[in-house]
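To start, the structure itself, in structure tokens.
Within every chain, numbering begins at 1; the chains are lettered A, B, ... in the order of the sequence lines, protein sequences first and strands thereafter.
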There are 2 protein chains.
Amino acid sequence: MDKFEAMQRFVLVAQFGSFTKAADALGLPKSSISNAIQGLESELGTRLFHRSTRSVTLTQDGEVYLPQCQTLLAELDALGSQFQRNPNDVRGILRVDMPSRFAATVVIPNLADFIEKYPNIRLKISSADYRVDMIKEGIDCVIRVGSLDDSSLIARPLTQYRSLNCVSPSYIKKFGIPQTIAELANHKLIEYSPSLGNLSAQFEYMDNGKVRQQSMPSSLAVNGTDAYLEACLSGLGIAQIPMIGAESFIKKGLLIPILSEFEAEPMPVSLLYPSRRQPTKRLTVFMDWLQSITRTT
Amino acid sequence: MDKFEAMQRFVLVAQFGSFTKAADALGLPKSSISNAIQGLESELGTRLFHRSTRSVTLTQDGEVYLPQCQTLLAELDALGSQFQRNPNDVRGILRVDMPSRFAATVVIPNLADFIEKYPNIRLKISSADYRVDMIKEGIDCVIRVGSLDDSSLIARPLTQYRSLNCVSPSYIKKFGIPQTIAELANHKLIEYSPSLGNLSAQFEYMDNGKVRQQSMPSSLAVNGTDAYLEACLSGLGIAQIPMIGAESFIKKGLLIPILSEFEAEPMPVSLLYPSRRQPTKRLTVFMDWLQSITRTT
DNA sequence: TCCTTTGTTTGTTTAATCCGAACAATGTTA
DNA sequence: TAACATTGTTCGGATTAAACAAACAAAGGA
């Protein structure tokens with residue numbers, strides 16, 4: 001039994017939770033899958049799946065074995081691809097997760113270059129946007145905006161997002177335009193916090209390179225970028241919106257930048273990938289390309 | 001072609017520097033080896049060996065690929081052996097390097113237990129004693145006496161060697177027995193230094209838990225344990241010899257311990273193994289067993 | 001220059017995998 | 001409760017790939 005293929009099949013079965021679906025995905029008869037798993041199990045001397053005809057779940061050992069298999073397979077993949085020096089040789093599926101707006105404004109417009117240079121890479125861009133389990137989902141790298149906390153990943157800084165303080169025309173009609181930080185006490189902030197636990201609303205701004213925060217009134221807190229933007233458009237308060245998301249609205253006059261001398265600290269945009277000994281060749285060329293296009297814009 | 005097997009063959013050919021020898025070692029025809037290597041090469045898209053009928057050497061790429069293969073295979077091995085819960089299931093070859101004296105006095109006398117409990121482990125003890133390249137030689141773990149410096153390895157403290165200050169009867173006849181540190185100025189030290197670079201001879205001793213060194217005359221420096229012992233037996237000076245090596249001679253009256261209140265700092269005995277994500281099951285049980293026997297003695 | 005050794009090639013044998021279909025087991029539904 | 005549909009396993013025939021042995025070619029040593 002080919003161990004490598006057996007492991008691959010095991011991972012697939014675990015992901016699908018079904019022998020039949022894994023067999024279909026590989027275009028093999030169910031028996032091949034069944035034999036492969038049995039081969040693995042007898043070799044390991046333990047059972048990997050609880051199989052009851054209606055559901056296939058991992059045993060305790062299987063649960064341990066799955067991620068190990070995945071990292072080993074990924075490493076093998078990386079080893080096999082490292083000598084592909086001709087761009088045409090670089091092939092395989094590359095799964096990347098990034099904020100949808102980043103994809104639409106930065107990546108997609110420049111993508112023609114990349115797929116021309118590496119025609120045999122099949123790129124799959126998803127925008128689950130939130131913490132996805134990279135190993136479990138088989139994601140090769142993710143792009144994240146804001147500060148980082150997941151330490152099991154290697155981070156590369158890509159670029160920064162300037163944030164603008166924005167309000168809608170309807171807001172100005174009601175409350176006017178604040179000109180100083182002091183005046184913010186008479187205004188409303190739309191609060192953005194990924195985790196809704198924070199207590200007081202803070203207006204963040206840079207003062208000679210230092211980050212400062214000013215407490216101010218707020219009647220709304222949201223935890224999604226879309227809701228944040230929409231709330232600002234509806235005149236519910238001041239929002240500190242990344243330029244990349246705001247500029248089209250500013251052009252149309254739907255948002256008005258204010259307090260331009262008190263911009264918030266730029267948000268870092270980072271590229272994260274699992275800390276393996278070696279990343280795949282296709283991953284390294286993609287990350288290098290990403291850095292090249294973010295450097296120039 | 002089974003990738004793992006191909007890699008294994010590649011490693012073997014690289015180690016032997018010969019297709020024929022690798023084939024013999026595996027009991028396979030040369031053609032199988034040849035095909036496996038060719039398969040690997042075509043898959044990687046690069047050449048792994050410079051083959052001229054008289055000699056087989058790694059190409060630059062092969063040089064890169066070899067250690068990667070070795071670690072990957074070791075990891076695969078570890079994955080495959082992790083569920084072997086019954087001692088009888090733990091099998092495979094285990095290569096250990098340790099000082100010959102340690103093997104003879106500590107390990108071998110207790111080994112019966114171990115091979116009875118794990119009858120399917122084939123233990124290979126070598127005493128190359130000096131820095132061997134563990135990965136290259138395929139050594140699973142090594143035992144070393146003294147301070148450590150190789151940082152790529154994980155170290156486990158095992159035990160400590162008490163050192164005794166010894167001289168031979170013939171030495172006593174000539175020089176007498178020193179009773180204080182001060183008197184050492186009128187005596188001779190046999191200098192032991194693994195690297196013969198040190199300048200002045202130092203008598204090392206513990207003073208209320210602190211390590212102190214006393215310069216003293218010396219007319220001989222050696223860098224091997226056997227030579228060190230032999231020099232002391234011949235009455236050439238004072239030697240600070242690990243108890244384990246000295247006690248048989250002391251019993252026979254060939255060595256006399258002196259200055260027993262000024263023993264040198266005990267030398268740590270450590271167990272070193274490569275830092276892989278997971279050690280093999282057989283390695284973990286062996287290391288655990290080693291710790292258990294050194295704790296009790 | 002001849003000879004021995006070594007890696008590659010070739011054709012044949014052998015073993016393993018693949019495949020489709022029949023089978024058994026289990027959760028669902030009528 | 002019983003018939004049904006779906007899923008994992010088993011089995012025999014077809015196919016493919018690896019193992020093997022021998023012949024071949026190339027390169028260093030005598």
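Rounded to whole angstrom, the span from the CZ atom of Arg51(A) across to the C1' atom of dT6(D) amounts to 17 Å. Look at CD1 on Ile37(A): it is 13 Å from C1' on dT9(D), rounded to the nearest Å. Here dG8(D) presents its P atom at 9 Å from NZ of Lys21(A), a figure rounded to the nearest Å. A straight line from CZ of Phe19(B) to P of dA26(D) spans 17 Å, rounded to a whole angstrom. Atom CG of Leu12(A) and atom C1' of dG8(D) are 16 Å apart (whole Å).
Proximity note for Arg9(B) (side chain, C-beta onward) versus dA19(D), dG8(D), dT10(D): the nearest is dA19(D).
Of the residues near DNA chain C, Asp2(A) and Lys30(A), the one whose nearest nucleotide (by heavy atom distance) lies more toward the 5' end is Asp2(A).
Contact check, Gln38(A) against dG8(D): no side-chain N or O comes under 4.0 Å of OP1 or OP2.
Other residues, nucleotides and ligands contribute over 12 non-hydrogen atoms within 6.0 Å of the CZ atom of Arg156(A).
Residue contacts for Ile33(B): at a heavy-atom cut-off of 4.0 Å it reaches no nucleic acid atom on any strand shown.
From the 5' end on, the contacts that DNA chain C makes with chain B at under 4.0 Å to a non-hydrogen atom open and close at dT4(C) to dT9(C).
Rounding to the nearest 0.5 Å gives a distance of 11.5 Å between CG of Leu94(B) and OH of Tyr118(B).
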